[in-house]
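Reviewing the structure listed below.
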Protein chains: 2
Amino acid sequence: MKKVTIMDVARQAGVSMKSVSRVINNEASVRPDLKAKVDKAVAELGYRPNFAARALAAGRSFFLGILFDNPSPGYTLQILNGAYAACRAAGFQLVIESVDTSASDIRETMDGLLASARLDGMVVTPPACDNAAVIAALDARKLPYVLLAPIRDNPEVASVRSNDAAAVHDLVRHLWGLGHRRFGLIDGPATHGASQWRREAFVAALEERGHAPSDIVTATGEFTFSSGIGAGLQIMRAPQPPTAIFAENDDMAAGVFAAAAQLGVKIPDDLSVVGFDDSWIARSVWPELTTMRQPIFEMAEEAVRLLLDFWKTSEVGKKTFDCTLVTRGSTAPPRR
Amino acid sequence: MKKVTIMDVARQAGVSMKSVSRVINNEASVRPDLKAKVDKAVAELGYRPNFAARALAAGRSFFLGILFDNPSPGYTLQILNGAYAACRAAGFQLVIESVDTSASDIRETMDGLLASARLDGMVVTPPACDNAAVIAALDARKLPYVLLAPIRDNPEVASVRSNDAAAVHDLVRHLWGLGHRRFGLIDGPATHGASQWRREAFVAALEERGHAPSDIVTATGEFTFSSGIGAGLQIMRAPQPPTAIFAENDDMAAGVFAAAAQLGVKIPDDLSVVGFDDSWIARSVWPELTTMRQPIFEMAEEAVRLLLDFWKTSEVGKKTFDCTLVTRGSTAPPRR
DNA sequence: TTTTTTAATGACAGCGCTGTTTTTTGGAAA
DNA sequence: TTTCCAAAAAACAGCGCTGTCATTAAAAAA
């Protein structure tokens, strides 16, 4: 199994090296019969282009990076899978990169990363996408990048996001339709874009239905399971405990389950719980969690596509995805 | 910010291109003063070697692949992080690859993957590491690889594994020490190496203490949360329900929590539960799960190191890691 | 000191491909 | 039929580095 080069293909097909290159790269101005000859030779020889040589000659690497940090495993892995699928489809390879955005030497780390990697572009996932040092390093290198769910929408930067506000309105409609009238909210950390959007939408949706913000029993968590327990206990011990709790992500919603177990509160009979993300934990509690599914896989795919588009056309792409309500066992009409 | 090449460094340092190359690659036979000159020039110019050019000239890519499939998110992500850390330390890049080992065209997928990627080696994670088609494709390409926790121990293949049997013995010692004498076991799928090792060790440890295998209330799951619920219900409804259940992974153990909630069984008062892996879900149940921590991160790091060693010395490395008992709230002395 | 051996450095080709430039080709217009 | 012109194909250089060999400097032996 020795290496087959573009020269071998050219000889076999009786054409020039460059013509083979044209066919391989789907360039215009290739007559069908030539293409056929080349395709035949490629198939016969089992030729595959050499990435390194292409990279060196063309000045691009055919590698895309994906930057992530301190992630919820289920979320991150879905992103990785989506980005990987899109890369394969486009003939690219996916290189993983990771920074600790809570460290102090982010800029140095990033510079080192970028200098040697020679990537064609980078997909930046939260929370790295909201980190100034990360973005600065990317800009300094003039490396094209796409942001996944960034807090601020910079019109000059390609990004993919989900429509959190609309999703939360759907969630409220669902709970309201079941008959719930007293609500609890577990808010996320202030530093996190998602918690801001979700809180505001929740409050707005209830205001539309005549609730004052002060009617909502609110506690704050950290987007983690254990913080959800504390927040859940706090809310359920309120003087007028709600019949439904919205936790701004699934991990905290799962924490509410643990809190409910401690207090002997039955889900969904005594309390309905909804989360957000449809991450893996949503199906790892009992009853399974009603939540909003974010199309994370598709969002990551789209991010790669936007990155590749940007490479070709220099156009800054934007795309927003809708979420879907996934109704499972954790919501039911209130008892009274 | 234009590109700095090895020639620029050579000129700046007043030495030959090749000498710079020697310094960059830490080759022997370089005098300290020359190295100093080159290092200085490299620093001044901010030079970083070009991966593509190196790859082309040296016939190796400085890219390592990691193959994974259908993974438990927490487990996979830990592997990824460990492999990534070791790659960075060695000046390599990590490319992710994924196959669906339940598909029928594994061989074609793998061949396509390997042909274009031009990797220097591959870390193969379970369950792909036990798939014949995957291994055959790797062998055909003569691509060096390391197996992570493979079922069969082929002496000609580098591998990293954990000492499951010893770990299970520790687990049994813990439960026995608490006073438990009636045990339940949730076995994993037969196709999975880990379930075999863990079951056998559990039975053996109890036999040492005078139990017959038939004394153990056993049910079978699929390493998933939902299968753990079913298995848990089955065991708890047995005529003589056990006071402690060992689930062969954390997901199934979490399922037991859900089953216990349904039956009104209190953990750990009425029932102790232990899992295996110390995956993310172990801390996302309440009370938190007592389990065996596998050093997954370190195992993945070691896998990369063995791969690199193999590249240099052609020596087949092997390493086995010990697990650590993590005692959390899900185990306690039995009530009666 | 001179000669031999060894270590350190340099010169040069070429890895496999693509961008650019030049040549050829086929077909429409004259 | 010949001329002209675009489109298609070929020629060729070179991307940035490392392997191989030739050369020089240093160390050891004579």
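First the proteins, then the strands, lettered A, B, ... as listed; each starts at 1.
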Under 6.0 Å between the ring centres of A/F310 and A/Y145?
no
Against the side chain of A/A58, the closest entry in C/dT18, D/dA9, D/dC15 is C/dT18
Please report the distance, rounded to the nearest Å, between CZ in A/R48 and C1' in C/dC17.
17 Å
Closest nucleotide among C/dT18, D/dG19, D/dA9 to the A/I6 side chain
C/dT18
B/V30 side-chain proximity, nearest of C/dT9, C/dG16, D/dG16
C/dT9
Proximity to the side chain of A/R54 - top-ranked nucleotide from D/dC17, D/dG16, C/dT18
C/dT18
SB check A/D39 A/K35 (cutoff 4.0 Å):
yes
Could a donor-acceptor pair under 3.5 angstrom be found where the side chain of A/R31 meets the base of C/dG26?
no
What integer distance in Å separates A/M7:CE from C/dG14:C1'?
13 Å
Between D/dA8, D/dC12, D/dG16, which nucleotide gets closest to the side-chain atoms of B/T5?
D/dG16
Would the base of C/dG19 count as contacting A/K18 through its side chain, where contact means a donor and an acceptor less than 3.5 Å apart?
yes
Taking any heavy-atom pair under 4.0 Å as a contact, classify A/L34: base, sugar-phosphate, or nothing.
sugar-phosphate
Between A/E27 (CD) and D/dA7 (P), how many Å, whole number?
16 Å
Can you measure B/I24 atom CD1 to D/dT18 atom P for me and round it to whole angstrom units?
8 Å
Does the side chain of A/L138 come within less than 4.5 Å of A/L114's, by heavy atoms?
yes
Shortest side-chain distance from A/M17, nucleotide among D/dC17, D/dC12, D/dT20:
D/dC12
Choose from C/dT18, D/dC17, D/dA10 the nucleotide whose nearest atom is closest to any side-chain atom of A/A57.
C/dT18
To the nearest Å, how far apart are B/F51 CZ and C/dG16 P?
20 Å
B/K40 atom NZ, over 12 foreign heavy atoms within 6.0 Å
no
The side chain of B/S19 is closest to which nucleotide in this list: C/dT9, C/dG16, C/dG19?
C/dT9
How close or far is atom C1' of D/dC21 from atom CZ of B/R22, stated in whole angstroms?
11 Å
By nearest atom, which of the nucleotides C/dT20, C/dG16, C/dA8 is closest to the B/S29 side chain?
C/dA8
Looking at B/F62, B/F63, B/F51, which hits ring-ring contact (aromatic ring centres under 6.0 Å, His included) with B/F92?
B/F62
Distance, rounded to the nearest Å, where A/K3 contributes NZ and C/dG14 contributes P:
16 Å
Looking at B/N25, I'd like to know whether one of its side-chain N or O atoms comes within less than 4.0 Å of OP1 or OP2 on D/dT18.
yes
Is the closest side-chain donor-acceptor distance between B/N131 and B/T101 under 3.5 Å?
no
Whole-Å distance between D/dC15 C1' and B/N50 CG?
8 Å
Under 4.0 Å, heavy atoms only, any strand: does A/Y47 hit a base, just the sugar-phosphate, or nothing?
sugar-phosphate
